Amino acid sequence: MKRLLFLTLLLVGLARPGLADLTIEIVGGQEGAQPIAVVPFGAPEGVGRTMEDLAQVIAADLGRTGRFKPLPRQDMPATPQTVEAVDLRDWRVLAMNNLVVGQINRRPDGLYQVDFALMDVYSGEQLANMSLASSPAELRYTAHRIADIIYERLTGAPGAFTSRLAYVTSEWGVDGQRVTLRVADADGHNPQTIVSSKEPIMSPAWSPDGRRLAYVSFENRQTAVFVQELATGRRERVASFPGINSSPAWSPDGSRLALTLSRDGNPEIYILDLHSRATTRLTNSPGIDTEPAWSPDGNEIYFTSGRGGDPQIYRMPATGGEATRVTFERDYNGRASLSPDGRSLVLVTRVNGQFRIARMDLASGATRLLSRGGLDESPSFAPNGSMVIYATQSNGRGVLAVVSTDGKVGQRLSQDASEVREPAWSPPPP
Amino acid sequence: MWQTARRNPGALIAAILLHLVLAILALIGVDWLDWGAEQVARPQVVQATIVDAATLKAPAERLDQAQDAREQASREAERQAAELAERDQLIAREAQRREEAARQAAERERQVAEERAKAAVSERQQAEEERRRQEEQERLARIEAQRQAEEAARIQAEQQRQAEDKRRAAEAARQAELQRQAEEAARQAELQRQVEEAARQAELQRQAEEVARQAELQRQAEEQQQAAETARQLELQRQAEAARQAEQQRLAQEEARRQAEQQRQLEKAARLAESQRQAEEAAKRQAEQKRQAEEQRQAEREAKRQAEEQRQAEREAKRQAEQERQAEARRQAEEAERQAELQRQAEENRQAEEARQAEEAAQWQAEQKRRAEEERQAEREAKRQAEQARQAEARRQAEEAARLAREEELAAAALVEAQSAESPEPAEPLASDIQYYAAAIRNRIQPFWVHPPGSRRDLACTVGVQLLPSGEVVPDSVRILSPSGDLAYDRSVVAAIYKASPLPVPTGRLFDEFRDFKFVFKP
């Protein structure tokens with residue numbers, strides 16, 4: 001015992017803190033998705049078939065961001081469902097960074113209890129260990145919640161998997177065209193129709209609180225801007241001036257709409273106060289000014305203008321003033337949408353006759369193409385800025401696609417057979 | 001013209017042929033396939049599943065590059081057509097907007113019915129335009145979709161294969177590790193066995209040498225005794241037959257000498273048989289000895305060859321001695337004929353005896369010398385073999401000792417470190433050595449570091465690390481000293497260090513530099 005103590009003291013004395021100032025600099029590395037294993041959740045006997053595959057939903061959510069690379073199931077060496085059953089060495093061999101295990105249990109009150117744990121494969125630390133109650137119908141939503149939690153624990157930024165999408169579909173039936181405005185989960189599942197019309201519907205825009213949608217409808221053969229409350233379906237026509245009424249955009253405080261009106265002859269940007277219904281004209285140029293977008297701080301309006309000949313993006317103070325040109329590359333840039341942090345914007349640009357989505361860093365002015373092109377349109381940031389949704393053409397019809405903000409990971413969202421256009425990503429759920 | 005043609009019909013025919021060839025080339029050059037594309041029926045719309053578009057990019061671009069010029073040209077044409085269509089469409093859109101504006105202006109003056117009719121017309125135009133746009137895009141999209149589907153399938157297969165490969169590689173690495181350990185164990189066992197074997201062989205050899213030495217001693221003693229006996233007999237005979245005739249004496253002497261010679265040869269044969277038996281025994285023993293069998297067989301052959309050489313040399317010497325002896329005998333016979341006197345004969349006999357004794361002595365000395373030489377050589381050979389064995393043993397021992405030392409260093413490194421640190425005045429570690437290992441560590445970690453996509457360029461994360469003397473990262477020792485501000489980035493840094501474990505580190509005192517140090521990770 002004494003010898004052991006002596007040895008310990010000797011080793012402590014050897015630590016020699018004075019020499020611990022060596023610093024090795026590692027520069028470079030590779031950019032890539034972080035490997036994660038989401039093991040299939042355990043489920044009670046007999047309900048496995050009807051139950052949502054939560055692990056698959058979670059893995060798909062994480063993979064879609066381009067920041068994570070979920071391990072394919074067939075490569076998993078084991079399928080533990082509890083922290084106790086995990087042998088971390090299995091996952092170190094596969095160079096996983098993190099591991100998610102979980103199980104679903106039925107509670108006496110008819111709800112399900114979903115337990116899950118997020119582990120660091122190397123330290124064994126449990127980065128999350130939670131228990132969520134869920135009704136059978138909400139299981140999929142619960143999976144999105146878990147994905148949000150995982151995303152936040154691993155990146156420090158909130159997830160966007162429980163947010164929603166609004167988009168317009170159109171179908172041709174026996175009685176003519178049927179246009180609907182729909183809202184769906186962020187992965188395109190669970191679509192719900194908000195408005196159905198025989199006339200075109202355009203430009204859905206989410207209010208900052210995520211409870212209302214503004215959109216343009218052609219009902220009565222006249223363009224008008226409506227604001228509709230999602231929960232009640234109550235809607236209100238807020239702008240139906242002579243001529244064009246289009247492209248509504250909510251101010252960050254939710255009190256005003258920026259929109260395009262041609263009531264004075266030429267399409268210009270106006271600000272509409274939703275309380276007083278007063279309009280203020282912002283732009284005044286011989287060219288077309290349209291597609292306004294607010295900066296996240298509400299101080300500036302970005303818009304598309306043809307004042308210089310080609311359509312380009314300009315910006316001006318939301319209170320009016322001088323417009324400055326923002327885009328200079330290529331001969332078509334439009335439909336700007338600001339990232340939640342206000343550092344970059346996504347836009348539609350034309351490259352060799354193809355309309356493609358690009359992201360522009362506002363500080364440097366550098367743009368990066370995010371989509372392959374064709375007729376891509378209506379880009380919109382996820383509420384956490386990690387992804388961009390846009391509409392594109394696939395097999396001759398409009399579909400929705402998401403792409404990571406670096407353009408590296410992109411996916412189509414599955415839809416029914418209708419034509420889908422003009423997506424808008426909701427703000428984060430309250 | 002016609003006359004010119006008639007004057008030179010060859011040129012005319014050549015000109016016509018040239019034009020024909022040009023016409024055929026022009027016909028071939030036209031892309032007839034392109035014409036029919038428009039008439040293809042609308043494709044069956046397939047329900048799209050989630051497709052990974054970004055990962056499709058790279059292969060698609062590769063494919064594009066691989067396509068030949070004609071395809072590129074046709075694609076270019078398509079793209080230009082699409083662009084033209086787009087431009088038309090934009091112009092149309094612009095025109096429509098203006099028309100809309102104009103219509104709105106006119107609308108204020110016109111009746112509601114007119115306005116509705118116009119709106120209907122506008123809508124129809126819009127729908128028409130929409131349909132046209134769709135048709136324009138349809139073909140492009142169809143080709144695109146087909147290619148994407150194919151690529152998706154291929155990429156999925158590729159990904160699966162890669163995942164499978166990775167898993168196999170991991171498995172292989174694990175197995176290789178196991179195998180390595182097994183080999184190590186086997187090697188140690190082998191070393192141990194060899195050490196034992198060598199010891200056993202050395203012992204055997206020592207025993208063999210001992211036996212050989214004893215046999216040799218005995219043999220020498222016997223020989224000396226016999227030689228003495230022979231000399232005594234010869235002396236007796238000489239005294240008894242001193243009065244006899246020189247001829248008789250010489251015959252008797254010769255007889256005695258022949259007998260002695262025979263005996264000596266018998267002895268020699270016995271000795272040879274003995275040595276052969278011993279050699280055979282040695283060979284048998286040596287055959288058992290795995291490692292040195294070949295060496296020893298060669299040594300044996302060498303010894304045999306030398307023995308043979310010596311035997312021949314001996315025979316030669318003997319033959320010469322015999323010749324000399326005969327010459328001497330002849331001389332003595334002449335002498336005897338010349339000198340009839342007994343005394344003179346006695347004198348002569350004495351002289352002959354003396355000469356014979358001298359000769360005998362010389363022979364014996366030569367024999368002794370030969371034996372001594374043989375002995376020396378055998379000794380030298382034995383020594384050489386012993387030396388070889390000793391050296392091999394020493395080498396093995398040194399290797400074993402080095403390996404043990406290494407293992408000891410790894411296993412009980414703390415102890416070793418403690419001991420080495422106890423020595424006073426530790427030498428200052430060389431900066432170049434530290435740089436060398438720092439670079440090695442950097443190279444080791446770099447491939448393991450995958451930071452999140454889109455990481456800002458100005459990020460820097462400082463982490464502290466503790467290492468074991470084996471280079472392994474102490475579990476849970478990686479701590480973030482100054483975070484980059486991007487949690488995902490910091491996590492990727494920590495994961496990279498653990499994944500790269502063990503890191504290449506120096507042994508001995510220089511390791512202290514790497515016991516506890518810092519990393520700065522920058523993208």
Side-chain angles (χ1 to χ4, degrees), chain A residues 7 10-11 14-16 19-20 22-34 66-67 72 75 93-95 97 122-123 154-156 221 242-244 262 265-267 288 352-354 372 374-375 393-397 399 401 403-415 417, chain B residues 43 45-54 57 79 82-83 86 97 100-101 104 108 116 119 134 137-138 141-142 145 163 167 170 174 414 417-418 421 434 438 441-442 445-446 449-455 476 486-488 491-492 495 498-499 512-514 516-523:
Chain A
L7 195 67
L10 194 68
L11 286 171
L14 279 168
R16 292 204 287 177
L19 285 172
L22 176 69
T23 301
I24 297 177
E25 197 167 273
I26 310 280
V27 180
Q30 327 154 47
E31 206 175 71
Q34 306 296 305
R67 298 175 69 95
D75 293 346
V93 166
L94 294 166
N97 284 10
Y122 291 95
S123 70
L154 294 181
T155 67
R221 314 280 163 121
I244 295 168
S262 67
N266 193 38
I288 292 172
N352 296 329
Q354 303 268 307
R372 299 193 65 193
L375 275 176
Q393 296 279 319
S394 174
N395 291 344
R397 67 187 181 91
V399 296
V403 63
S404 57
T405 43
D406 61 353
K408 284 194 173 162
V409 176
Q411 284 182 344
R412 305 265 158 82
L413 297 185
S414 64
Q415 294 294 336
Chain B
V45 174
V46 179
Q47 175 69 43
T49 50
I50 291 180
V51 173
D52 198 332
K57 262 190 215 169
R79 208 173 52 235
E83 192 172 4
E86 273 313 309
R97 275 182 188 153
E100 176 74 4
Q104 293 287 342
R108 280 196 288 276
R116 277 192 182 168
Q134 280 181 10
Q137 289 302 314
E138 216 153 274
R142 195 179 62 246
R167 202 164 56 77
R174 223 165 25 197
E417 291 296 317
I434 295 175
I441 289 173
R442 194 177 297 126
I445 286 189
Q446 217 131 23
W449 185 32
V450 179
H451 56 74
S455 299
D476 268 343
D486 181 335
L487 181 63
R491 285 195 189 285
S492 76
Y498 282 121
K499 282 180 190 174
D512 285 337
E513 299 293 320
F514 297 91
D516 190 339
F517 64 100
K518 282 187 268 185
F519 280 114
V520 178
F521 280 75
K522 293 175 179 173

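In this text, all values refer to a predicted model and were calculated from it rather than measured experimentally. Quick note on labels: first sequence line is chain A, next is B, and so on, each numbered from 1. Only this structure's heavy atoms are used, side chains among them; waters, hydrogens and symmetry mates stay out.
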Is B/Tyr498 close to B/Asp476 at the side-chain level, that is, under 4.5 Å between some pair of heavy atoms? yes
A/Thr405, A/Asn97, A/Leu154: which one forms the most heavy-atom pairs within less than 4.5 Å of chain B? A/Leu154
What verdict does the side-chain contact (heavy atoms from CB on, under 4.5 Å) test give for A/Leu94 and A/Asp75, after you've listed the backbone C-alpha separation in whole Å, the side-chain angles of each residue and the deciding distance to 0.1 Å? CA-CA 9 Å; A/Leu94 294 166; A/Asp75 293 346; 5.6 Å; no
So which of A/Glu31, A/Gln34, A/Gln393 has the largest heavy-atom pair count under 4.5 angstrom toward chain B? A/Glu31
Given that the side chain runs from C-beta out, which part of A/Ser123 has a heavy atom under 4.5 Å from chain B: side chain, backbone, both or neither? both
Would you mind checking which part of A/Glu25 comes under 4.5 Å of any heavy atom in chain B, side chain (CB onward), backbone (N, CA, C, O), both or neither? both
So which part of A/Ala33 gets closer than 4.5 Å to some heavy atom of chain B, the side chain, the backbone, both or neither? backbone
Is there a side-chain contact between A/Val409 and A/Arg67 (heavy atoms, below 4.5 Å)? no
Minimum heavy-atom distance between A/Ala95 and A/Tyr122, given as atom pair plus value: CA-OH, 3.7 Å
Please confirm whether the backbone N or O of A/Gly28 pairs with a side-chain atom of B/His451, one donor and one acceptor, at under 3.5 Å? yes
